[in-house]
S.K.: 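Questions regarding the structure given below will be posed in turn.
For clarity, every value in this text was computed on a predicted model and none was experimentally measured.
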Amino acid sequence: MKEKVRTFLQQEIDKQVTPGAVIRIKHKGRVIVDEALGMNSLQEDGVAMTKKHIFDMASLTKVMATLPAILQLLEAGEIHLHDKVATFLPGFARHEKEFMTIKQLLTHSSGLIAHQHYFAQKYSTTEVLQDIFEEKLSYAPDSDVIYSDLGYILLMAVIEEVTGQPIQDYAQHHIFKPLGMNDSGYLPKYERHEFAPTEYLEHLQDHKYGIVHDDNTEFMGGVSGHAGLFSSMEDVSIFTTMLENEGEHNGVQIIDPRWLVKSRENFTPFSSESRGLGWQLKGSGPNPFGDLMSDKTYGHTGYTGTSFYIDPVEQLTVILLTNRVYFGRQDPIIRLRPRLHNLIVTNLPG
């Protein structure tokens, strides 16, 4: 298994799909593959990729910061799934959005469009929210799944309104610190060689080291509910182990197990793309986690080349961290992920 996974990833590195990769595979409670391959960068100061490198998590922010915060607020009775977004953000109650719910934002079924280029106007967080308030529905809520960053920007605003704390502070105090995730957070401060850098930008005359890759988040001060989190393999492994243990870590309950079970239900039966609360589930269409992981599999991807998936039936967890956007915004990672997960499941020990 280990050699087959190493060979597969090395071939992808040789094709310049990504300069490097870190992978950890856990099966039935035991780590069976734990490897770092390639380089963090192909620049002169590049170093060998290690398990300690700091990655831009991109959209894993949605399930490692925003989702756990929302689940904790649900557990505390501060919010409920069918609360109207406008209850917390009154300016949102316009253009037929007054009935949009927390649940619809979490499941990407809200009627909001996928994305806007706020960075083109160099919009701050306040300006981005005001622009979202003016958005009109692009489809009827609960009729389709359109993966939307806008929904998770709104969820950040809801979290901040309810808790009275910036999302980065809430996540640090209520998620990362209790879990001992010491490498995780927004606006990271590390040495250049400790990062897995992302895309080259002309105005920087360099790749992005510790600067969030997502353009909108960069102009939002590096912090959002849809992107901005940085982390390491060790920390993502701690986080996924907490999920495997039904929300518990070292005797401390981080997330109530009933809410974790609820989060993994399919809330979008009207779509071929199955969505839980935050989670990507196994739908009838193609999945990043391939063809062989069970129907109970859940997880998420990040645009920069990160992902984790957990299959509770097979007791299998696969964490893959790459900085594939180092080479730009082409999408060979879309083929890499399902092939890799199929290879892993096919070669699992009995």
S.K.: When you measure from the centre of the six-membered ring of Phe219, is the NZ or CZ of Lys122 under 6.0 Å away and within 45° of the axis?
M.R.: no
S.K.: Ion pair present between Asp34 and Lys51, side-chain N to carboxylate O less than 4.0 angstrom?
M.R.: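 So Asp34 pairs with Lys51 through a salt bridge.
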S.K.: Verify, without hydrogens or angle tests, whether Asn40 (side chain) and Phe195 (backbone) share a donor-acceptor contact under 3.5 angstrom.
M.R.: yes
S.K.: Of all heavy-atom pairs between Ile102 and Phe88, which one has the smallest distance, and what is that distance?
M.R.: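 Smallest heavy-atom distance, with atoms named: CD1-CE1, 4.4 Å.
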S.K.: Give every residue pair that meets the ring pair (Phe, Tyr, Trp, His ring centres under 6.0 Å) criterion with at least one member in residues 107-133, sequence neighbours excluded.
M.R.: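 Qualifying pairs: His108-Tyr147, His108-Tyr152, His115-His117, His117-Phe119.
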S.K.: Just checking, any donor-acceptor pair under 3.5 angstrom between side chains of Glu127 and Ser124?
M.R.: yes
S.K.: Can you find a pair of side-chain heavy atoms, one from Leu229 and one from Leu60, that are under 4.5 Å apart?
M.R.: no
S.K.: Please list, chain by chain and in numerical order, all residues satisfying side chain to side chain donor-acceptor pair (under 3.5 Å) with Thr240, sequence neighbours excluded.
M.R.: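 Side chain to side chain donor-acceptor pair (under 3.5 Å) list for Thr240, sorted by chain: empty.
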S.K.: Which residues, ordered by chain and number, are linked to Val325 in its hydrophobic cluster, where ILVMFWY side chains connect at heavy-atom gaps below 4.5 Å, directly or through other members?
M.R.: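 Tyr303, all in the cluster of Val325.
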S.K.: By the salt bridge (Lys or Arg N to Asp or Glu O under 4.0 Å) test, which pairs, at least two apart or in different chains, include something from residues 193-210?
M.R.: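 Residue pairs passing salt bridge (Lys or Arg N to Asp or Glu O under 4.0 Å), neighbours aside: Arg192-Asp206, Glu199-Arg329, Lys208-Glu218.
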S.K.: State, with a plain yes or no, whether a side-chain heavy atom of Phe270 is found less than 4.5 Å away from one of Val145.
M.R.: yes
S.K.: Applying ring pair (Phe, Tyr, Trp, His ring centres under 6.0 Å) as the test, list every pair that has at least one member in residues 39-61; sequence neighbours left out.
M.R.: none
S.K.: Is there a donor in the side chain of Ser231 and an acceptor in the side chain of Ser184, or the other way round, less than 3.5 Å apart?
M.R.: yes
S.K.: Just checking, is any N or O donor in the side chain of Ser294 or Asp311 under 3.5 Å from an acceptor N or O on the other one?
M.R.: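 Yes, because at least one side-chain N or O of Ser294 sits under 3.5 Å from a partner of the opposite role on Asp311.
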S.K.: If hydrophobic clusters are built from ILVMFWY residues whose side chains come within less than 4.5 Å, do Ile54 and Ile175 share one?
M.R.: no
S.K.: For residues Met293 and Val345, determine if any side-chain heavy atom of one lies less than 4.5 Å from a side-chain heavy atom of the other.
M.R.: yes
S.K.: If we only count heavy atoms from C-beta on, is the Thr61 to Asp214 side-chain gap below 4.5 Å?
M.R.: no
S.K.: For the side chain of Asn323 and the backbone of Thr198, is there at least one donor-acceptor N/O pair under 3.5 Å apart?
M.R.: no
S.K.: Under the side chain to side chain donor-acceptor pair (under 3.5 Å) rule, collect the residues that match up with Ser224, sequence neighbours excluded.
M.R.: His226
S.K.: What I want to check is whether the side chains of Tyr326 and Gln16 have a donor and an acceptor closer together than 3.5 Å.
M.R.: no
S.K.: Would you check if there is a donor-acceptor pair between the side chains of Lys62 and Ser59 at a distance under 3.5 Å?
M.R.: yes
S.K.: Would you compute the distance between atom CG of Leu37 and atom CZ of Phe8 and round it to the nearest 0.5 angstrom?
M.R.: 12.0 Å
S.K.: Considering only residues two or more places apart or on different chains, which pairs with a residue in residues 20-43 satisfy ring pair (Phe, Tyr, Trp, His ring centres under 6.0 Å)?
M.R.: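 Qualifying pairs: none.
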S.K.: Check this for me: does any side-chain nitrogen of one of Arg24 and Glu234 sit under 4.0 Å from a carboxylate oxygen of the other?
M.R.: yes
S.K.: Less than 4.5 Å apart, any side-chain heavy atom of Phe327 and any of Leu42?
M.R.: yes
S.K.: Any pair with a residue in residues 158-176 that passes side-chain hydrogen bond (donor to acceptor under 3.5 Å, both in side chains), sequence neighbours left out, goes on the list, sorted by first then second residue, please.
M.R.: Gln72-Tyr170
S.K.: Should we count CZ of Arg335 as having more than 12 external heavy atoms under 6.0 Å?
M.R.: no
S.K.: Quick check on the hydrophobic clustering: are Ile310 and Val22 connected, directly or via other members, by side-chain heavy-atom contacts under 4.5 Å?
M.R.: yes
S.K.: Quick one: does Arg324's side chain have a donor or acceptor within less than 3.5 Å of a partner on Thr306's backbone?
M.R.: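 Flag not set: sc Arg324 to bb Thr306 has no pair under 3.5 Å.
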S.K.: Going by heavy atoms in the side chains, are Met100 and Glu98 under 4.5 Å from each other?
M.R.: no
S.K.: Are Phe308 and His300 an aromatic pair, judged by ring center distance below 6.0 Å?
M.R.: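 No, they do not, as the ring centres are separated by 6.0 Å or more.
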S.K.: Can you name the side chain to side chain contact (heavy atoms under 4.5 Å, CB included) partners of Val252, sequence neighbours left out?
M.R.: Ile254
S.K.: Listed by chain and number, what are the side chain to side chain contact (heavy atoms under 4.5 Å, CB included) partners of Lys103, not counting sequence neighbours?
M.R.: Leu81, His82, Thr101, Thr107, Asp142, Phe267, Leu277
S.K.: Is the closest side-chain donor-acceptor distance between Asn266 and Thr268 under 3.5 Å?
M.R.: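 Yes, side-chain donor-acceptor contact under 3.5 Å.
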S.K.: Taking side chain as C-beta onward, heavy atoms only, is Asp149 less than 4.5 Å from Asn216?
M.R.: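 Of all side-chain heavy-atom pairs linking Asn216 with Asp149, none is under 4.5 Å.
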S.K.: Check Lys26 with Glu244, please: is the shortest side-chain N to carboxylate O separation under 4.0 Å?
M.R.: yes
S.K.: Sequence neighbours left out, what passes side chain to side chain donor-acceptor pair (under 3.5 Å) with Lys52? Give chain and number order.
M.R.: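 Partners of Lys52 by the side chain to side chain donor-acceptor pair (under 3.5 Å) criterion come out as none, since no residue qualifies.
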S.K.: With a 4.5 Å limit on heavy-atom distance, are the side chains of Leu320 and Thr322 in contact?
M.R.: yes
S.K.: Tell me yes or no: between the side chains of Lys4 and Asn347, is some donor less than 3.5 Å from an acceptor?
M.R.: yes
S.K.: Who are the side chain to side chain donor-acceptor pair (under 3.5 Å) partners of Gln116, not counting sequence neighbours?
M.R.: Glu135
